[in-house]
Colleague: 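Below are the structure tokens for one structure; questions will follow.
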Number of protein chains: 2
Amino acid sequence: MAQTLDTVFSALADPTRRAILAMLLEDDMAVTDVAEPFQISLAAVSKHLSILAEAGLILRERRGRVIWCKLEPDAMRSASVWMQSFGQFEPVDLDAFERFLEDELSEGEDAAT
Amino acid sequence: MAQTLDTVFSALADPTRRAILAMLLEDDMAVTDVAEPFQISLAAVSKHLSILAEAGLILRERRGRVIWCKLEPDAMRSASVWMQSFGQFEPVDLDAFERFLEDELSEGEDAAT
DNA sequence: GGCATATTCAACCATCCGGTTGACCAACGT
DNA sequence: ACGTTGGTCAACCGGATGGTTGAATATGCC
């Protein structure tokens, strides 16, 4: 969990990882379930999850033989503050967000195809 | 100016580039002046500027034999919206921002040393 | 024209990144 | 105890990234 601007921004720079975060926004998920919609190997997804965890963006917690992934959105705060300082963007537009999320999800899956 | 989440986030993932953006927040600058505080070659800085321009984060405009770099903070909007949607962060804390900026600047210069 | 200044281009290098595969370890069911 | 399921590790591969240097281009000055 280095959680520097470097690690956070570069974690967010990959579409697969952003898609994973969007999925985790819905609910906590097991690694295998996270991997399911993507075409890449489980090992590759596992690496992505490690990068997200290293950036502090998710937590992984073993329960039995399943490892549960949980979003840790607080890790984005410093990066968000950094970005916002560059322009006084209007408060979150949820409609716009929905659209982004959908684009992102399909993008992520396409990328994995 | 692709200006996708991919290009914006990966442009922001480099400390030198973030330092450059912070410098441009103060004022428009010529390429040579942007390069001055860094220890890396002018060519390297020029590449960083290309990446920032490609992400839509800056504009480069030739005036005489000098190329002026200008911040284009609007390019951060979609990325900012994306991030904010993950947690309802409080409105920008300017004090916190000042601190980040200073850290970033010294980081960037250290990184270049 | 000829020189200096501002910036990019091109080739090259080492390292990082995202992916793969196969071996490995852990925990559950029977 | 044994096989199965969940997940990571290790080695490898090709392509991107950040840096370098030296040549090339463009503009301004005398």
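A, B, ... follow the sequence lines: proteins, then strands. Residue 1 opens every chain.
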Colleague: Remember a base hit wins even if backbone is also touched, and classify A/Ile51 as base, sugar-phosphate or nothing at under 4.0 Å, heavy atoms.
Modeller: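 Sugar-phosphate only.
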
Colleague: Round to the nearest Å and state the distance from B/Asp28 atom CG to C/dA6 atom C1'.
Modeller: 17 Å

Colleague: At under 4.0 Å between heavy atoms, what does A/Ala43 touch on the DNA or RNA strands: base, sugar-phosphate, or nothing?
Modeller: base

Colleague: When you compare the side chain of A/Asp14 with that of A/Arg18, does any pair of heavy atoms fall below 4.5 Å?
Modeller: no

Colleague: Which nucleotide sits closest to the side chain of A/Arg62: C/dA27, C/dA6, C/dT20?
Modeller: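 The answer is C/dA27, which lies nearest to the side chain.
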
Colleague: Roughly how many Å is it from CD1 in B/Ile40 to P in D/dT17, rounded to a whole number?
Modeller: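 Distance, rounded to whole Å: 16 Å.
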
Colleague: Would you indicate which nucleotide in D/dT8, D/dG19, C/dT20 comes nearest to any side-chain atom of B/Lys47?
Modeller: D/dG19

Colleague: Check every atom of C/dA27, D/dT8, C/dT20 against the side chain of A/Ser41 and return the nucleotide holding the closest atom.
Modeller: C/dT20

Colleague: Nearest whole angstrom, please: distance from the C1' of C/dA6 to the CG of B/Leu49.
Modeller: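 The distance from CG of B/Leu49 to C1' of C/dA6 comes to 13 Å, rounded to the nearest Å.
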
Colleague: Provide, to the nearest angstrom, the distance between the CZ atom belonging to B/Phe38 and the P atom belonging to D/dT20.
Modeller: 13 Å

Colleague: Among the candidates D/dT8, C/dG18, D/dG18, find the nucleotide nearest to the side-chain atoms of A/His48.
Modeller: C/dG18

Colleague: Please tell me which of the listed nucleotides, D/dG18, C/dA6, C/dT8, lies nearest to the side chain of B/Ser46?
Modeller: C/dT8

Colleague: In whole angstroms, how far is the P atom of D/dT5 from the CG atom of A/Asp33?
Modeller: 15 Å

Colleague: Measure across A/Arg60 and A/Cys69 and return the closest heavy-atom pair with its distance rounded to 0.1 Å.
Modeller: CG-SG, 4.0 Å

Colleague: Mind checking if B/Arg63 touches a base, just sugar-phosphate, or nothing, with heavy atoms under 4.0 Å?
Modeller: nothing

Colleague: Any idea which heavy atoms bring B/Pro15 and A/Asp6 closest together, and the distance?
Modeller: CD-OD2, 3.4 Å

Colleague: Classify A/Ile67 by what it touches in the nucleic acid, base, sugar-phosphate, or nothing, heavy-atom distance under 4.0 Å.
Modeller: sugar-phosphate

Colleague: Under 4.5 Å between side-chain heavy atoms, chaining through other members, with only Ile, Leu, Val, Met, Phe, Trp and Tyr counted: pull out the rest of the cluster around B/Val66, sorted by chain and number.
Modeller: B/Trp68

Colleague: Starting at CD of B/Glu61 and ending at P of C/dA6, how long is that distance when rounded to a whole Å?
Modeller: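 Atom-to-atom, B/Glu61 to C/dA6, this comes out as 18 Å.
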
Colleague: Strictly below 4.0 Å: does B/Arg17 bring a side-chain N or O up to OP1 or OP2 of D/dG18?
Modeller: yes

Colleague: By nearest heavy atom, map A/Arg65 and A/Ser50 onto DNA chain D; which one lands nearer the 5' end?
Modeller: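 The answer here is A/Arg65.
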
Colleague: Taking CD1 from A/Ile20 and P from C/dG18, how many angstroms apart are they, rounded to a whole number?
Modeller: 11 Å

Colleague: Check the distance between D/dG18's C1' and B/Leu52's CG and give it to me in whole angstrom.
Modeller: 13 Å

Colleague: When you match A/Gly64 and A/Leu42 each to their closest nucleotide on DNA chain C, which lands nearer the 5' end?
Modeller: A/Leu42

Colleague: Whether the side chain of A/Arg17 engages the backbone of A/Ile51 through a donor-acceptor N/O pair (distance < 3.5 Å, no angle test) should be reported.
Modeller: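 Checking the backbone N and O of A/Ile51 against the side chain of A/Arg17, no donor-acceptor pair under 3.5 Å is found.
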
